[in-house]
Student: 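Have a look at this one.
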Amino acid sequence: MPKRVDHEERRREITEAVWRIATAEGLAAVTLRRVAAEAGISMNLVQYYFTSKEKMIRYGLERVIEVAVARMSAELEAVRESGDSRAVVRAAIVGMLPVDDVTRHTSAVYYAYLLHAITDEEIRSIVSGIPRQLAPRLAHRVPGADPLVELESLIALASGLAVGVLVGSYTAEEAVAFVDHRLDRLYA
């Protein structure tokens, strides 16, 4: 009897190989042949699932966004019912930081894509809209004369801190403390 293959699981395995290469050497190093070797499968199998490098890279980005959104949604759901606006905003902003092994990996992959977006218009069009999608959903929970600007500045803070954590300028604890400091001033 032929072996039953979970096609989505196979795509995810290939994507994990893309992510490993991207975080080690950048997306420019990703090729179909290289991904096949990293995944331990044939190049024909990689081509069966992804007919081009561009499709494989785009799927990898969509997948990292899906993983990050699912994690952040779960964290937001846990505090949303409390009715505490500060806690909800904190969960969203801290959720953007690489604070553990899982979020460090996801962040490293995302920032490899972000760097690639400088020279790839299609990737840029996807990643450039991500912060702007979050802000309007949470702006009503932020005090101040212009809540949307306040929230977008928090998102920018988190982006900068995430890079700082990834390169070792800050620890995860320091980054969270910086976010808390900013939130304490905003919600005072």
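One is the number of the first residue; the rest follow in order along the sequence.
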Student: Between F178 and Y170, is the gap from one ring center to the other below 6.0 Å?
Tutor: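 Centroid separation for F178 and Y170: below 6.0 Å.
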Student: Are the side chains of L61 and I57 in touch, meaning some heavy atoms are under 4.5 Å apart?
Tutor: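 No, too far: nothing below the 4.5 Å cut-off.
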Student: Quick check: is L157 connected to V176 through a chain of hydrophobic side chains (ILVMFWY, heavy atoms under 4.5 Å apart)?
Tutor: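 Same cluster.
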Student: Would E174 and T171 count as a side-chain contact (heavy atoms from CB on, under 4.5 Å) here? Give the steps.
Tutor: CA-CA 5 Å; E174 289 171 326; T171 65; 3.2 Å; yes
Student: Any non-hydrogen side-chain atom of R11 less than 4.5 Å from a side-chain atom of F50?
Tutor: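 The answer is yes; the side chains approach within 4.5 Å.
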Student: Could you tell me if the side chain of Y187 sits less than 4.5 Å from the side chain of V142, heavy atoms only?
Tutor: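 SC-SC contact between V142 and Y187 confirmed.
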Student: Enter the distance from Q133:CD to I155:CD1 here, rounded to the nearest 0.5 Å.
Tutor: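 Reported to 0.5 Å precision, the distance equals 10.5 Å.
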Student: Measuring only between side-chain heavy atoms, which start at C-beta, is L114 closer than 4.5 Å to I123?
Tutor: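 They are not in side-chain contact.
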Student: With a sphere of 6.0 Å drawn around CG of D6, does it hold more than 12 non-hydrogen atoms of other residues, nucleotides or ligands?
Tutor: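 Buried by this count: over 12 neighbours within 6.0 Å.
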Student: Would you indicate whether the side-chain heavy atoms of R124 and I118 approach each other to under 4.5 Å?
Tutor: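 The answer is no; the side chains never approach within 4.5 Å.
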Student: From T31 OG1 over to I21 CD1, what is the distance, rounded to the nearest 0.5 angstrom?
Tutor: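 Rounded to the nearest 0.5 Å, the OG1-CD1 separation comes out at 6.5 Å.
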Student: So L154 and L186, side-chain contact (heavy atoms from CB on, under 4.5 Å) or not? Walk me through it.
Tutor: CA-CA 10 Å; L154 286 166; L186 185 60; 3.9 Å; yes
Student: Would the number of heavy atoms belonging to other residues, nucleotides or ligands and lying under 6.0 Å from CZ of R71 be above 12?
Tutor: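 Yes, because the 6.0 Å sphere around CZ of R71 holds more than 12 heavy atoms from other groups.
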Student: CD of E121: more than 12 outside heavy atoms within 6.0 angstrom?
Tutor: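 Incorrect, the count does not exceed 12.
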Student: Is there a side-chain contact (heavy atoms from CB on, under 4.5 Å) between I41 and V35 once you walk through the steps?
Tutor: CA-CA 9 Å; I41 59 177; V35 170; over 6 Å; no
Student: So does E81 have more than 12 non-hydrogen atoms from other groups sitting under 6.0 Å from CD?
Tutor: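 Atom CD in E81 is not packed in, count stays at 12 or less.
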Student: Do I126 and M72 share a hydrophobic cluster (ILVMFWY, side-chain heavy atoms under 4.5 Å, transitive)?
Tutor: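 Cluster IDs for I126 and M72 differ.
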Student: State plainly whether one hydrophobic cluster holds both L76 and I65, where clusters connect Ile, Leu, Val, Met, Phe, Trp and Tyr through side-chain heavy atoms under 4.5 angstrom apart.
Tutor: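 No, L76 and I65 fall in different hydrophobic clusters.
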Student: Can you tell me if R141 uses its side chain to pair, donor with acceptor, with the backbone of V89 under 3.5 Å?
Tutor: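 No, R141 side chain to V89 backbone: no donor-acceptor pair under 3.5 Å.
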Student: May I ask whether I93 and L183 are part of the same hydrophobic cluster, defined by side-chain heavy atoms of I, L, V, M, F, W, Y residues being less than 4.5 angstrom apart, directly or through others?
Tutor: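 The answer is yes; both residues are in one hydrophobic cluster.
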Student: Could you check D120 against E54 for side-chain contact (heavy atoms from CB on, under 4.5 Å), going step by step and ending with a plain yes or no?
Tutor: CA-CA 10 Å; D120 186 313; E54 292 75 23; 5.7 Å; no
Student: Taking all atoms of both residues into account, what is the closest heavy-atom pair of V165 and A175, and its distance?
Tutor: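 Distance-wise, the nearest heavy atoms are CG2-CB, 3.7 Å.
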Student: Nearest 0.5 angstrom please: S107 OG to L97 CG, how far?
Tutor: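 Reported to 0.5 Å precision, the distance equals 7.5 Å.
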Student: Is there a side-chain contact between D184 and R86 in this structure, where contact means two heavy atoms from C-beta onward sitting under 4.5 Å apart?
Tutor: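 Yes, at least one pair of side-chain atoms sits under 4.5 Å.
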Student: So do Y48 and H7 actually touch side chain to side chain, heavy atoms under 4.5 Å?
Tutor: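 Touching, per the 4.5 Å side-chain cut-off.
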Student: Okay, side chain of Y111, backbone of S159: is any donor-acceptor separation there less than 3.5 Å?
Tutor: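 Checked: pair present.
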Student: Among L166, I130, T23, V67, which residue satisfies the side-chain contact (heavy atoms from CB on, under 4.5 Å) criterion with Y110?
Tutor: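 Running side-chain contact (heavy atoms from CB on, under 4.5 Å) over L166, I130, T23, V67 with Y110 returns exactly one hit, I130.
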Student: Quick one: does S153's side chain have a donor or acceptor within less than 3.5 Å of a partner on E150's backbone?
Tutor: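 Checked: pair present.
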Student: With heavy-atom distances below 4.5 Å as the criterion, would you say the side chains of T106 and V64 are in contact?
Tutor: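 Contact flag for T106/V64 side chains = yes.
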Student: Would you say L45 ends up clustered with M56 if hydrophobic residues are merged whenever their side chains have heavy atoms under 4.5 Å apart, either directly or through other cluster members?
Tutor: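 Per the 4.5 Å side-chain linkage, M56 and L45 are co-clustered.
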Student: Please test R90 against D84 for salt bridge (Lys or Arg N to Asp or Glu O under 4.0 Å), starting from the C-alpha separation and ending with a verdict.
Tutor: CA-CA 10 Å; R90 183 184 189 278; D84 181 353; over 6 Å; no
Student: List the steps, then state whether salt bridge (Lys or Arg N to Asp or Glu O under 4.0 Å) holds for E62 with R58.
Tutor: CA-CA 6 Å; E62 291 167 353; R58 183 181 175 126; 2.8 Å; yes
Student: What residues form a ring pair (Phe, Tyr, Trp, His ring centres under 6.0 Å) with H105, not counting sequence neighbours?
Tutor: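 With neighbours one apart ignored, the set is W19.
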Student: Is the shortest side-chain N to carboxylate O distance from R20 to E25 below 4.0 Å?
Tutor: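 Looking at R20 and E25, the cut-off is not met.
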